[in-house]
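For the single chain, residues carry numbers from 1 onward in sequence order.
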Amino acid sequence: MLSGVPETALWTLYHRALAARQGVLDDPKALELVERIDHPFAERFGGGELAPWQGLRVRAFDREIRRFLHTRPDATVVALGEGLETQFWRVDNGRVHWVTVDLPESVALRERLLPAGERQTTITASALDVDAWIKTRPSLITAQGLLMYLDREAVHGLFARLEPAVLLFDLVSKRLAAHSRKPREGYQPPAWTYGVDRAELASLPVRDLQRVELPHGRGARAGFVVPLASRIARLISIYRARTIAASSSTSTTPASTSTAASATNAASAAREAARATRRDA
């Protein structure tokens with residue numbers, strides 16, 4: 001079974017399934033996988049108090065991808081560090097070409113549980129090995145819950161090397177990255193090694209950086225508390241941008257919205273966000 005950073009794929013899968021059970025997210029594949037995989041999800045990851053947040057985070061990514069595919073229906077999407085994400089089945093328009101890039105142990109599990117279809121390709125490589133996947137010529141590149149496990153040099157180097165494309169990714173604040181290194185009870189995910197503040201965001205080698213707001217879901221938590229906490233605290237944020245190479249190209253961006261997230265450290269994120277909301281109330 002997975003361990004370390006790859007194990008976070010099981011955390012996100014479990015919380016997507018819980019969000020689906022709660023009506024926050026439409027993800028039948030996640031529900032199916034949790035039933036099929038022999039893993040003590042609840043014992044390992046807890047009761048799933050952050051399922052509403054995880055569901056809204058995923059819906060924000062899905063919404064931006066759908067908007068992009070509305071204007072580029074035959075696009076190639078590269079999903080870096082995808083793990084057991086079932087996003088392809090949620091956003092598939094019948095024409096998109098989907099490329100999963102991940103490490104060997106994650107790919108081995110994904111190929112067993114989520115075999116690729118005719119418009120899906122799996123590449124066994126590090127996201128930082130750009131030469132291994134850039135020839136697929138993606139027009140949209142996603143990185144969910146990935147960049148915060150890299151260091152600053154790696155993140156900047158990755159962005160700077162990319163050819164014309166739209167980027168969709170999440171980042172954590174420097175404060176939350178520091179908090180993730182503290183011991184905690186229960187599941188202890190790997191610490192985040194990269195966080196951002198306003199100055200760091202401004203230094204990223206990308207163009208047209210915009211924050212993506214979380215959608216609203218059902219009930220008080222998903223419909224009000226989680227979106228408000230995300231907007232106020234900004235501990236984990238989703239961003240849309242264009243590569244530097246794309247600044248002089250005709251690459252199309254998703255429809256504009258004004259604007260959470262490696263999901264595995266989300267327990268501390270939610271607690272911090274709740275405290276920040278109370279302080280600002």
Side-chain angles (χ1 to χ4, degrees), residues 1-13 29 33 37 58 61 65 68 72 74-92 96-172 189-194 204-206 238-246 251 261-264:
M1 193 54 72
L2 302 178
S3 62
V5 173
E7 188 185 16
T8 64
L10 294 175
W11 192 102
T12 59
L13 171 66
K29 278 282 186 183
L33 286 184
I37 297 174
V58 168
F61 272 94
I65 294 172
F68 183 86
R72 301 281 296 275
D74 297 301
T76 294
V77 176
V78 165
L80 300 177
E82 194 172 30
L84 292 176
E85 176 58 69
T86 49
Q87 192 163 61
F88 170 80
W89 290 273
R90 295 194 306 270
V91 304
D92 183 25
V96 63
H97 298 268
W98 198 272
V99 181
T100 296
V101 179
D102 217 329
L103 299 174
E105 59 182 317
S106 297
V107 166
L109 184 60
R110 183 178 180 87
E111 289 182 336
R112 188 167 79 247
L113 297 173
L114 293 169
E118 61 180 11
R119 287 178 288 107
Q120 293 173 271
T121 302
T122 302
I123 296 177
T124 305
S126 165
L128 301 179
D129 185 6
V130 176
D131 291 338
W133 54 267
I134 201 62
K135 292 180 181 179
T136 62
R137 300 185 64 81
S139 47
L140 174 63
I141 301 170
T142 71
Q144 296 187 56
L146 171 67
L147 301 180
M148 56 285 293
Y149 289 111
L150 308 179
D151 58 35
R152 183 178 188 272
E153 181 179 0
V155 173
H156 281 243
L158 172 63
F159 283 165
R161 289 192 60 194
L162 298 178
E163 296 178 0
V166 172
L167 303 171
L168 190 61
F169 56 92
D170 49 11
L171 295 169
V172 302
W192 288 322
T193 51
Y194 177 65
L204 289 173
V206 299
I238 301 171
Y239 295 94
R240 179 181 60 250
R242 293 193 300 160
T243 61
I244 292 177
S251 181
S262 168
T264 54

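Trp98 has its side chain within reach of Glu82: a pair of non-hydrogen atoms, C-beta onward, lies under 4.5 Å apart. With contacts defined as side-chain heavy-atom distances shorter than 4.5 Å, the pair Trp133/Leu80 qualifies. Within the 4.5 Å cutoff, the side chain of Leu114 has no heavy atoms near those of the Phe88 side chain. In this structure, Glu163 and Ile134 have side chains that are in contact, with non-hydrogen atoms separated by less than 4.5 Å. Taking 4.5 Å as the limit, some side-chain heavy atom of Leu204 sits within range of a side-chain heavy atom of Val155. Side-chain contact between Val96 and Arg119 is present, with heavy atoms from C-beta onward closer than 4.5 Å.
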Given Leu84 and Thr12, is the side chain to side chain contact (heavy atoms under 4.5 Å, CB included) satisfied, shown in steps?
CA-CA 8 Å; Leu84 292 176; Thr12 59; over 6 Å; no

Let's go through Thr121 and Thr136 carefully: what are the C-alpha distance in whole Å and the side-chain angles of both, what is the deciding distance for side chain to side chain contact (heavy atoms under 4.5 Å, CB included) to 0.1 Å, and is it a yes or a no?
CA-CA 9 Å; Thr121 302; Thr136 62; 5.7 Å; no

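Under a 3.5 Å cut-off, the side chain of Arg110 and the backbone N or O of Gly83 do form a donor-acceptor pair. Judged by distance alone, the side chain of Ser139 and the main-chain N or O of Ala165 form no donor-acceptor pair under 3.5 Å.
Taking the six-membered ring where tryptophan is involved, the planes of Phe159 and Phe169 are tilted, since the angle between them lies from 30° to 60°.
Asp74 meets the salt bridge (charged side-chain N to carboxylate O under 4.0 Å, His left out) test with Arg95; sequence neighbours excluded. Here Arg90 pairs with Asp27, Asp62, Glu85, Thr86 under the side chain to side chain donor-acceptor pair (under 3.5 Å) rule; sequence neighbours left out.
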Donor-acceptor contacts under 3.5 Å from residues 122-130 side chains, at least two apart:
unit_1, atom_1, unit_2, atom_2, d
Ser126, OG, Leu128, N, 3.0

